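Before any comments, here is the structure.
A note on names: the letters A, B, ... follow the listed sequences, proteins ahead of strands, and every chain is numbered from 1. Being a predicted model, the structure only gives us computed values, none of them experimental. Just so you know, these numbers use all the heavy atoms, side chains as well, and skip hydrogens, waters and symmetry mates.
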Amino acid sequence: MSSAAAQGLGPGEVAASSGADLASSTLAAKISVTPSGGGVAFEGVTVAYKGNTVLSDFTLTVRPGEIMAVIGPSGSGKTTVLRAIAGFVRPVSGRLCAGGRDVTDLPPRARGIGMVVQNYALFPHMRVADNVAFGLRARRAPEHTVRAEVEAALSMVGMSSFASRYPRELSGGQQQRVAIARALAIRPELLLLDEPLSALDAQIRQSMLEELARLHRSLPALTVLYVTHDQTEALTLADRIAILRDGKLVALGPSRELYQRPPNRFAAEFLGRANLLSVILDTPEAGEDNATVRFGATQLRARARAGIAASTSCLLCIRPHDLSLTAREPGANSLAARVREVRWKGELHDIALEAEGQALRLTTAPLRRPPEPGTMLSLYFSAADATLIPES
Amino acid sequence: MSDLAVGKTRPRRLNVPGLSAALPLAVLGILFFYPLALIIAQSFATGHGTPVFANYISVLGTALFRNALFHTITITLAASLGCIALGFTLSVVIAFVPFPGARLFARAIETFIALPTFLVALAFTFIYGSAGILNGAVMKLFGLTLPPIDFLYSAWGVILAEITVYTPFVMRPLLAAFSLIEASQIEVASILGAGWFRILRQIILPAALPALMAGGSLCLLLTTNEFGIVLFIGAKGVETLPLLVYDKAIQEFDYASACVLATINIALSLGLYALYRSALAWFSRAGLV
Ligand SMILES: Nc1ncnc2c1ncn2[C@@H]1O[C@H](COP(=O)(O)OP(=O)(O)OP(=O)(O)O)[C@@H](O)[C@H]1O
Ligand SMILES: [Mg+2]
């Protein structure tokens, strides 16, 4: 491990940051799972603009070849995360590591990172081919290599036939592809994407999302840091998701796990819709799936979480589509609720309900005969789909 | 529905065919073309029996004219090049190198445009003149009896003064163009591996080209016709066409020659302007800038 770390961290970098030797070498060791891998590590990174902290003590390790989505509301510091690793903004404290070396003190052009910014920022007076060739020429690649690489990058995103157009002659989706081709042409190990689909309409967004997934399958070694405020994009694309709030990392985990077992209220509500019921924990003990909670007079079973004491109130998180009107399994939880509103949304019915004075929502495949508002219904859900979350 | 809304808010236009073009043309004709035509006609006016170009032949043959033409062209080219180079450099620094007071500096340069040109020439005399601050200080320091700095009373003095006066005319459009360049383009270029020189040449310069075209053209026209600075500096032997026109018309009452010189002056400034634009257009087509 230590030899891998030494290999990843050149002597130049060590000399350049003598004060942080220790921190940076442990940092390099952390991500040198494969010595040549293009992983990323943020180690206690704090960024401030004019004394105003917008990213505080941010620590995150992205493994080589992984797609990590960074999500959070507007202004939470997502772009700042990318600007820090790209080198556009210097952290007040902390270290940054990319591709097995400490890059904290390197200028952007020496970091070897590919980046697609929110508005694409294509060079308006250059043709598509020259846009894509820009990075290669800046690296003084011989012209025949440039041509071959440009062609390869353009065909990867399906834009070969647009090589001699100017950016203004392209649609938003096409511009986005060119921006990706330009970032990939230099063959980076790390690709930063800042809300790449936000400028596109819903339909193109869906197909671009699939295309990005395909692209990553063809470049499995490429590490991707994907910033978005759209939870669907994050869930569709990412291996793991990091959730930011006010410049702080509030949740991190594999996408599916984070969705099914959110660690806190913010994560539960930001990553899709969630019913959060106030309950009292009866028995926290023993197995994972074995907590009993009181919801008014009803006893329910849920998945426990360490750190919540017995007889305290906490939140029970159930996704709207995990609630059903019929019992899907023997011994499923059931609770009585009154229908308040029924909305038909084409592919599903969205039903607002009330139980024990608390609002609930259920989504289901379209019903032939939807319930009338005011009726009492029994709702069912599996204990495995109900997660306890601390109250605050 | 939306069509209706657009139709309502669209401003009404006075649509009388011909009138819209005729009015500005008439104003332009009275204020500009008529006097211009008078001057040109006057330059061809000769007594009976002499050839039409007699005035031209007699003026063009003089050493005075050739000297003035040479000085006008060299001073114009040198001053305009200086303005473009200095203006571009200063604008890049103001727009892209963050330093405290950059905005104040940009503002100060804008007010500079409002100053009359001869004021700068006057200020130059106070600073660099033989009895100016600089010479005084140097003479005191080294115990000299004669002023050591005398570049002011030469073509260099005129060029320097013109650069000082007209550089803001290049900077104004440049700063406006630079403010339109997205910072993200420069950032993307830098993460793609470009150094500052490549960014300057391939990102900033092409975006600045129209502004450089406008500012440079303005400099060329203004310096070709500059009068006040040349007169105020009064460098010996440095006579330009506008100065010669003044001499002929006001001092010698030789209106025919003055009109010939004026016509040539106009042709020269328009010719330089056309040359500059076509050169820039060629450069940009060839992808050199
Ligand atoms: N150049 C800057 N100067 C001062 N403050 C800045 C600057 N850039 C960003 N900020 C502030 O930093 C905070 C985080 O900004 P950031 O751009 O990282 O947010 P974001 O999560 O990307 O938001 P969005 O989803 O809207 O893009 C914001 O409060 C923003 O106002
Ligand atoms: Mg952002």
*Which value, rounded to the nearest 0.5 Å, describes the distance between B:I199 atom CD1 and A:F134 atom CZ?*
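Spacing of CD1 (B:I199) from CZ (A:F134) equals 6.5 Å.
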Per-residue contact mode, [X] against chain B (heavy atom under 4.5 angstrom):
| X | answer |
| --- | --- |
| A:R111 | neither |
| A:R182 | both |
| A:L136 | neither |
| A:D130 | neither |

*Should we count CD of A:E143 as having more than 12 external heavy atoms under 6.0 Å?*
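More than 12 heavy atoms, drawn from other residues, nucleotides or ligands, come within 6.0 Å of this atom.
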*Is A:Y49 atom OH crowded by more than 12 heavy atoms from other residues, nucleotides or ligands, each under 6.0 Å away?*
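More than 12 heavy atoms, drawn from other residues, nucleotides or ligands, come within 6.0 Å of this atom.
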Any side-chain heavy-atom pair from [X] and [Y] closer than 4.5 angstrom?
| X | Y | answer |
| --- | --- | --- |
| A:P124 | B:Q185 | yes |
| B:L192 | A:R137 | no |
| B:L209 | A:H125 | no |

*asked:* Would A:V117 and B:E187 count as a side chain to side chain contact (heavy atoms under 4.5 Å, CB included) here? Give the steps.
replied: CA-CA 9 Å; A:V117 295; B:E187 287 175 350; 5.6 Å; no
*Out of A:P108, A:P188, A:G87, A:A86, which one racks up the most heavy-atom pairs below 4.5 Å with chain B?*
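Among the listed options, the one with the most contacts to chain B is A:P108.
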*Greatest number of heavy atom pairs closer than 4.5 Å to chain A - which of B:A189, B:G195, B:A183*: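 With the most close heavy-atom pairs to chain A, the winner is B:A189.
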